[in-house]
Each structure stands twice: as structure tokens, then as C-alpha cells.
Trainee: 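I'd like to ask you about the structure that follows.
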Amino acid sequence: MPELPEVESLAEFLRERAVGRTIAAVEVVAFHALKTFNPPASALGGLTVTSVSRHGKFLDLDCDGLHFVTHLARAGWLRWRDDLSAAKPVRPGKGPLAVRVRLAPDDSGMAPGFDLTEAGTQKRLAVYVVKNPDEVPGVASLGPDPLAADFTPEALGEILRASRTQIKGLLRDQKVIAGIGNAYSDEVLHVAKMSPFKISATLTDAQVADLHEAIVTTLRDAVERARGLAAKDLKAEKKSGLRVHGRTGEKCEVCGDTIREVSFADSSLQYCPTCQTGGKPLADRRLSKLLK
């Protein structure tokens with residue numbers, strides 16, 4: 001799933017290529033992906049992309065005051081095309097293509113644009129055409145952005161003290177902190193040397209400070225690694241930069257212990273026992289405690 005660093009990089013990628021250009025057409029292939037109907041997607045035709053921003057994991061193209069907002073969900077992606085002038089109009093049917101955004105041709109006749117695609121069968125990619133991003137329920141309910149200036153250790157402490165949930169789940173809750181998903185929550189907790197099952201309200205002031213530092217540095221480092229990359233290269237960069245997530249059975253690069261996994265119904269977490277849980281492997285999530 002694209003998380004804050006990847007979505008921020010996609011926003012930067014589109015700022016360089018789409019801002020100032022006119023939208024020629026928005027072609028919706030997967031009608032279930034379009035979550036709004038008024039204004040229609042066709043209303044974007046003829047408007048100019050004036051800015052591109054990010055709200056948590058949501059990507060937002062401001063088109064003369066009308067916003068094209070998308071959430072790529074678990075298996076969605078944005079694929080840039082340098083020239084769509086020869087591409088035939090899309091037709092609904094099987095395949096990963098959900099939405100195509102065509103930009104007007106430039107002086108050379110090239111008509112760039114991008115496709116929103118989604119692999120798999122769950123089909124959770126979502127597109128909204130709204131007058132204000134806050135009309136999107138997921139945007140309106142977002143918690144603070146962890147890269148914002150007001151996301152301080154004190155602000156994080158208030159968030160943690162207000163909850164008695166496991167820290168892994170809290171970090172992933174978009175209503176609590178915006179933009180962190182399964183992968184980067186694993187990475188943050190590894191950097192902070194903290195068990196994913198630790199109860200948030202039990203953290204000391206020193207642990208809160210360490211967690212804050214881990215959140216900010218992990219996300220900023222990931223954004224910097226991705227800066228300047230083409231959209232097609234972001235997935236590979238994300239995977240190569242992860243130290244524990246998705247690396248079950250490999251050696252921890254910090255201590256050399258074997259990275260372990262706890263599986264859930266539809267996802268899993270990875271962690272290092274030596275770095276995070278005092279050398280003890282974690283029990284199944286249903287137990288919510290360390291094995292004794």
C-alpha cells in the first residue's frame with residue numbers, strides 16, 4: 001500500500017509534470033472507483049491543474065478550484081504516460097485500469113497523462129471529484145500529519161495518553177495520525193526499539209520522545225530517498241529501504257537476529273526480537289502478549 005512517503009513523492013512528481021497543464025478528459029473505467037457524482041468527472045475537462053497536494057495517503061489535484069482526490073488503497077498505483085495522443089478511448093472491462101486522466105497536448109503534439117490502476121480483486125481504489133477536499137470523508141477525519149511543524153513530541157504524548165491501544169494499531173489509525181500504514185509502522189517501531197504490542201498510554205516521556213524521533217526521521221528519510229524518482233520506480237525504492245517489514249526470516253541489519261512475523265487475517269507485522277522485545281518472540285495477536 002502506498003503510504004505517506006510514496007504519496008508525497010507522487011505529489012511532487014505530478015507537481016513537476018501536471019501543474020499548469022489543462023485536463024483534456026477524465027475517463028472512468030472502473031465505475032465502482034468513482035465515489036462521487038456531483039460534480040461529474042467530466043466537469044474536470046478544460047480545467048487547469050493549479051496545484052498538487054497530499055492529505056495523509058490521499059493525493060489531491062486542484063483543478064481551478066475543483067479537486068480530483070484519489071486514495072490508492074492497498075493495490076492501487078499511478079502510472080504516468082508521456083504521450084497518450086495515440087491511445088484509444090478506454091472501455092469498461094476486465095483489467096487493472098480504473099481511471100485515465102488525459103492532459104492537453106503540448107507544442108510538440110505530445111499529450112501526457114496518467115492511469116490509476118489496481119491489481120487484485122478487492123478493488124478499494126477510490127476517486128472523488130469535490131469542491132473541497134474536506135468533502136471526502138477519509139480526508140475530513142484525518143489526524144495530524146506527522147511531518148507538519150505542529151506534530152511535536154508534546155502533541156504525540158497527548159495522543160498516546162488518550163489511548164490504551166497497542167502502539168502498532170495506533171500508528172496505523174488514520175484518524176489518530178495521518179499517512180502511516182502497515183509497512184512504515186513496522187519500520188518506526190524498529191527504529192524506536194519498541195514492541196508493536198506495547199500499550200500506548202504506558203509510554204514514558206523518554207519513550208514518547210524516541211517514538212516521535214523515529215516517526216519523523218523514518219518518514220523524512222523515505223521521502224528523501226524517493227525524491228526525484230519516476231513514479232514507476234517508487235515501489236522498488238520503498239521495498240529496498242525497508243529494514244524489517246516484508247523481511248521475515250532475514251537477519252536484522254542492526255543486531256543480526258532473525259526478523260519474525262505475526263500474522264493477522266489480512267495482513268502481518270514484522271519485528272526484531274532483540275531490538276524490540278527483549279529477545280522474546282511475540283505471541284499470536286489473539287493473545288496480545290509476549291510468549292513466556
Trainee: Quick check: does any side chain N or O of R247 sit under 3.5 Å from a backbone N or O of L242, one acting as donor and the other as acceptor?
Mentor: yes
Trainee: Holding to salt bridge (charged side-chain N to carboxylate O under 4.0 Å, His left out), I want the full list of residues that pass it with E118, two or more places apart in sequence or in another chain.
Mentor: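 Partners of E118 under the salt bridge (charged side-chain N to carboxylate O under 4.0 Å, His left out) test: none.
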Trainee: Take K175 and L142 through the test side-chain contact (heavy atoms from CB on, under 4.5 Å) and record every step on the way to the result.
Mentor: CA-CA 5 Å; K175 295 180 180 180; L142 285 173; over 6 Å; no
Trainee: In the single-linkage hydrophobic clustering (I, L, V, M, F, W, Y; side-chain heavy atoms under 4.5 Å), do F151 and V7 co-cluster?
Mentor: no
Trainee: How about K235: does its NZ atom have over 12 heavy atoms from other parts shown lying under 6.0 Å from it?
Mentor: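 Atom NZ in K235 is crowded, with more than 12 foreign heavy atoms closer than 6.0 Å.
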Trainee: Under the side chain to side chain donor-acceptor pair (under 3.5 Å) test against N182, which residue among R74, Q270, K168, E3 passes?
Mentor: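 By the side chain to side chain donor-acceptor pair (under 3.5 Å) criterion, N182 pairs with just one of R74, Q270, K168, E3: K168.
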Trainee: Same cluster or not: are V99 and L10 linked, directly or through other Ile, Leu, Val, Met, Phe, Trp or Tyr residues, by side-chain heavy atoms under 4.5 angstrom apart?
Mentor: yes
Trainee: Quick one: does D257's side chain have a donor or acceptor within less than 3.5 Å of a partner on T274's backbone?
Mentor: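 At least one qualifying donor-acceptor pair exists.
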Trainee: What are the two closest non-hydrogen atoms of E187 and G241, and how far apart are they?
Mentor: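 So the two residues come closest at OE1-O, 4.3 Å.
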Trainee: Do Y184 and H245 pass the ring pair (Phe, Tyr, Trp, His ring centres under 6.0 Å) test, and can you show the C-alpha distance, the side-chain angles, and the key distance before you say yes or no?
Mentor: CA-CA 8 Å; Y184 286 107; H245 184 79; 8.5 Å; no
Trainee: Check whether I159 and I180 end up in the same hydrophobic cluster, where Ile, Leu, Val, Met, Phe, Trp and Tyr are linked by side-chain heavy atoms less than 4.5 Å apart.
Mentor: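 I159 clusters together with I180.
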Trainee: Same cluster for W80 and V127 if Ile/Leu/Val/Met/Phe/Trp/Tyr side chains link at under 4.5 Å?
Mentor: yes
Trainee: Might you point out which heavy atoms bring P153 and V208 nearest each other, and give the distance in Å?
Mentor: O-CG1, 3.6 Å
Trainee: Treating T218 as the side-chain partner and I215 as the backbone partner, does any N or O pair qualify as donor plus acceptor under 3.5 Å?
Mentor: no
Trainee: Taking the side chain as every heavy atom from C-beta outward, state whether V19 and V52 have any atom pair closer than 4.5 Å.
Mentor: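 A side-chain contact exists here, since the closest heavy-atom pair is under 4.5 Å.
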Trainee: Any chance you could lay out the side-chain contact (heavy atoms from CB on, under 4.5 Å) test for L116 and W77, step after step, and finish with the verdict?
Mentor: CA-CA 6 Å; L116 298 180; W77 197 243; over 6 Å; no
Trainee: Between S195 and F197, is there a donor-acceptor pair closer than 3.5 Å when you use the side chain of the first and the backbone of the second?
Mentor: yes
Trainee: To the closest 0.5 Å, what do you measure between CG (D186) and CD1 (I259)?
Mentor: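 Output value for this atom pair is 10.0 Å.
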Trainee: Determine yes or no for a side-chain-to-main-chain donor-acceptor pair under 3.5 angstrom, with D64 supplying the side chain and T48 the backbone.
Mentor: yes
Trainee: Taking the side chain as C-beta and beyond, is there a heavy-atom pair between Y271 and L282 under 4.5 Å?
Mentor: yes
Trainee: Report the C-alpha distance between D62 and V49 in whole Å, list the side-chain angles of each, state the deciding distance to 0.1 Å, and finish with yes or no for side-chain contact (heavy atoms from CB on, under 4.5 Å).
Mentor: CA-CA 6 Å; D62 184 342; V49 180; over 6 Å; no
Trainee: Mark yes or no for whether R102, through its side chain, and A87, through its backbone, hold a donor-acceptor pair below 3.5 Å.
Mentor: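 It does hold such a pair.
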Trainee: Within 45 degrees of the axis of the six-membered ring of F58 and under 6.0 Å from its centre: does R54 put its NZ or CZ there?
Mentor: no
Trainee: Report yes if the side chains of L4 and K57 come closer than 4.5 Å at any heavy-atom pair, otherwise no.
Mentor: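 No; the side chains remain at least 4.5 Å from each other.
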Trainee: Distance check, rounded to the nearest 0.5 Å: L203 atom CG versus H212 atom NE2?
Mentor: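 Going from CG on L203 over to NE2 on H212, the span is 13.5 Å.
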Trainee: Just verifying a value: how many Å separate F68 CZ and L59 CG, rounded to the nearest 0.5 Å?
Mentor: 8.5 Å
Trainee: Apply side-chain hydrogen bond (donor to acceptor under 3.5 Å, both in side chains) to S263 and E261, showing your working.
Mentor: CA-CA 6 Å; S263 296; E261 177 177 304; 3.0 Å; yes
Trainee: What closest approach, in Å, do E237 and S240 show between heavy atoms, and which atom pair accounts for it?
Mentor: O-OG, 2.9 Å
Trainee: What's the verdict on side-chain contact (heavy atoms from CB on, under 4.5 Å) for K193 and D210, showing C-alpha distance, side-chain angles and the deciding distance?
Mentor: CA-CA 9 Å; K193 300 185 182 300; D210 289 344; over 6 Å; no
Trainee: Between H67 (side chain) and V69 (backbone), is there a donor-acceptor pair under 3.5 Å?
Mentor: no
Trainee: So, the side chain of Q174 versus the backbone of G138: is there a donor-acceptor pair under 3.5 Å, distance only?
Mentor: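 No: the side chain of Q174 does not pair with the backbone of G138.
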Trainee: Scan side-chain atoms only and decide if R79 and T117 contain a donor-acceptor pair under the 3.5 Å cut-off.
Mentor: yes
Trainee: With a 4.5 Å cut-off on side-chain heavy atoms, are F114 and L14 touching?
Mentor: yes
Trainee: Okay, side chain of E135, backbone of N132: is any donor-acceptor separation there less than 3.5 Å?
Mentor: yes
Trainee: To the closest 0.5 Å, what do you measure between CG (L170) and CD1 (I177)?
Mentor: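 One finds 5.5 Å between CG of L170 and CD1 of I177.
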Trainee: For the residue pair L171 and S185, what are the closest heavy atoms and their distance?
Mentor: CB-CB, 4.0 Å
Trainee: Do V262 and S268 have side chains that approach each other closer than 4.5 Å (heavy atoms only, starting at C-beta)?
Mentor: no
Trainee: With rounding to the nearest 0.5 Å, note down the distance linking OG in S85 to CG in D83.
Mentor: 3.0 Å
Trainee: To the nearest 0.5 Å, tell me how far M110 CE sits from L84 CG.
Mentor: 9.5 Å
Trainee: Can D115 and R100 be counted as an ion pair, charged N to O under 4.0 angstrom?
Mentor: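 Between R100 and D115 there is a salt bridge, with a charged N closer than 4.0 Å to a carboxylate O.
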Trainee: Taking C-beta and beyond as the side chain, do T202 and R164 meet within less than 4.5 Å on heavy atoms?
Mentor: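 The answer is yes; the side chains approach within 4.5 Å.
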Trainee: Is the shortest heavy-atom distance from the side chain of L47 to the side chain of T22 under 4.5 Å?
Mentor: no
Trainee: Which atom names give the shortest non-hydrogen contact between A178 and G56, and what distance separates them?
Mentor: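 Between these two residues, the closest heavy atoms are CB-CA, 3.8 Å.
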Trainee: Can you spot which of H190, Q166, Q276 makes a side-chain contact (heavy atoms from CB on, under 4.5 Å) with P196?
Mentor: Q276
Trainee: Going by atom type alone, with no hydrogens or angles, which donor-acceptor pairs under 3.5 Å involve a side-chain atom of residues 34-44 and a protein atom two or more places apart or on another chain?
Mentor:
residue, atom, partner, partner atom, Å
K35, NZ, H32, O, 2.8
T36, OG1, V129, N, 2.9
T36, OG1, V129, O, 3.4

Trainee: Salt bridge or not between E12 and R227? Use side-chain N to carboxylate O under 4.0 Å.
Mentor: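 Salt bridge: yes.
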Trainee: If I compare all heavy atoms of C275 with all of C252, which pair ends up nearest, and what's the gap?
Mentor: SG-SG, 3.8 Å
Trainee: Does a sphere of radius 6.0 Å around CZ in R15 hold more than 12 heavy atoms from other residues, nucleotides or ligands, not counting ones at 6.0 Å or beyond?
Mentor: yes
Trainee: Going through the checks in order, is the side-chain hydrogen bond (donor to acceptor under 3.5 Å, both in side chains) test met by S163 and T165?
Mentor: CA-CA 6 Å; S163 174; T165 59; 2.8 Å; yes
Trainee: Group every Ile, Leu, Val, Met, Phe, Trp and Tyr by side-chain heavy-atom contacts under 4.5 Å, then state whether M194 and L269 land in the same group.
Mentor: no
Trainee: Treating Q207 as the side-chain partner and T204 as the backbone partner, does any N or O pair qualify as donor plus acceptor under 3.5 Å?
Mentor: yes
Trainee: Side-chain contact, heavy-atom cut-off 4.5 Å: T70 with Y128?
Mentor: no
